[in-house]
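Right, one structure below, let's go through it.
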Amino acid sequence: MRKLSYFVGSSIDGFIASPDGQQDFLAFEGDFAAAVMADYPETLPAPVREALGLTGIANKRFDTIVMGRGTYAPGLATGLTSPYPHLQQYVFSRTLTQVDPEVEIVPDDPAGFVRGLKRQEGMDIWLSGGAGLAGELLEEIDELVVKVYPVVIGTGIPLFRSPFAPHGFAVTDVHTFTTGALITTYSRTA
């Protein structure tokens with residue numbers, strides 16, 4: 001069965017974006033950027049892949065992306081309607097209408113939809129965000145891959161928005177980079 005992996009960037013204090021949704025404090029540089037490009041090239045949107053010379057590089061881990069409207073919206077605002085054409089793309093939104101034939105809008109039941117995706121053949125599924133969708137899908141998340149950037153921002157959008165309910169995960173891998181960033185992988189324990 002396919003895994004749902006929440007592959008996400010975070011500040012040291014657990015925020016994935018500023019209060020207004022900006023992520024400019026998450027520096028993509030040095031040996032950290034090289035590792036992401038080598039191990040997770042499919043997690044870079046098409047314009048970034050093209051700029052970095054990664055167009056045509058095979059997907060390593062994921063062939064599907066699920067995201068909330070807030071994660072999809074910044075690209076859409078610039079006219080980027082299909083940010084990950086190298087992946088099957090699903091956006092969960094109750095208000096957004098179909099804007100690109102390569103991106104399926106899913107209006108409800110994220111958990112049920114993801115359970116269906118997990119039963120299909122293929123590579124793993126990337127949960128890109130945001131916090132609300134991650135909270136709704138917490139029971140379905142098999143793995144967290146958290147890119148922790150060496151910055152504290154004080155407040156913002158958290159990794160998860162969900163009611164208090166502890167869920168156990170075990171550290172299965174940690175990579176440390178000279179930039180000060182970490183990539184820590186956690187697997188569900190229960």
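A distance of 6.0 Å separates CD in E42 from CE in M123, rounded to the nearest 0.5 Å. Note that the CG atom of L144 and the CZ atom of F7 stand 12.0 Å from one another [nearest 0.5 Å]. Here CG of L159 is found 10.0 Å from CG of D13. Values are rounded to the nearest 0.5 Å. Taken to the nearest 0.5 Å, the CD atom of Q88 stands 9.0 Å off from the CD1 atom of I125.
Counting only heavy atoms from C-beta outward, the side chains of P47 and L80 approach each other to under 4.5 Å. Within the 4.5 Å cutoff, the side chain of R69 has no heavy atoms near those of the R94 side chain. Two residues are said to be in side-chain contact when any heavy atoms from C-beta on lie closer than 4.5 Å; L87 and T64 fail this criterion. Here the side chains of K118 and D142 are in contact, with some heavy-atom distance below 4.5 Å.
In plain terms, the two heavy atoms of E50 and T55 that are nearest each other are CA-OG1, 3.2 Å. Shown here for L96 and I105, the closest heavy-atom pair between the two residues is O-CG2, 3.4 Å. For T179 against G30, the heavy-atom pair with the smallest separation is CG2-CA, 4.0 Å. The heavy-atom pair separating R49 from L44 by the smallest distance is CD-O, 3.1 Å. Summarising the geometry of Y72 relative to T81, their closest heavy-atom pair is OH-O, 2.5 Å, with the distance given to 0.1 Å.
Two rings, from F177 and F32, have their centers less than 6.0 Å apart. Taking the six-membered ring for Trp and the full ring otherwise, the centers of W126 and Y84 sit less than 6.0 Å from each other. Ring to ring, F15 and F25 are not that close: their centroids are 6.0 angstrom or more apart.
The residue from K3, R115, R188 that alone fulfils the side chain to side chain donor-acceptor pair (under 3.5 Å) condition with E140 is R115. Screening R2, K60, R61 against D124 for a salt bridge (Lys or Arg N to Asp or Glu O under 4.0 Å) leaves a single residue, R61.
Aromatic ring orientation, Y40 versus F62: parallel (interplanar angle below 30°, classes split at 30° and 60°).
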message: Pair K147, L26 - check side-chain contact (heavy atoms from CB on, under 4.5 Å), show working.
response: CA-CA 9 Å; K147 301 170 290 178; L26 302 177; over 6 Å; no
query: Could you go step by step and tell me if D173 and T184 meet the side-chain contact (heavy atoms from CB on, under 4.5 Å) rule?
result: CA-CA 6 Å; D173 196 27; T184 305; over 6 Å; no
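No donor-acceptor pair under 3.5 Å is formed between the side chain of T189 and the backbone N or O of A170. Using a distance-only test at 3.5 Å, with no hydrogens or angles considered, a donor-acceptor pair links the side chain of N59 to the main chain of H86.
In this structure, I183 is not a member of the same hydrophobic cluster as Y6, with clusters built from ILVMFWY side-chain heavy atoms closer than 4.5 Å.
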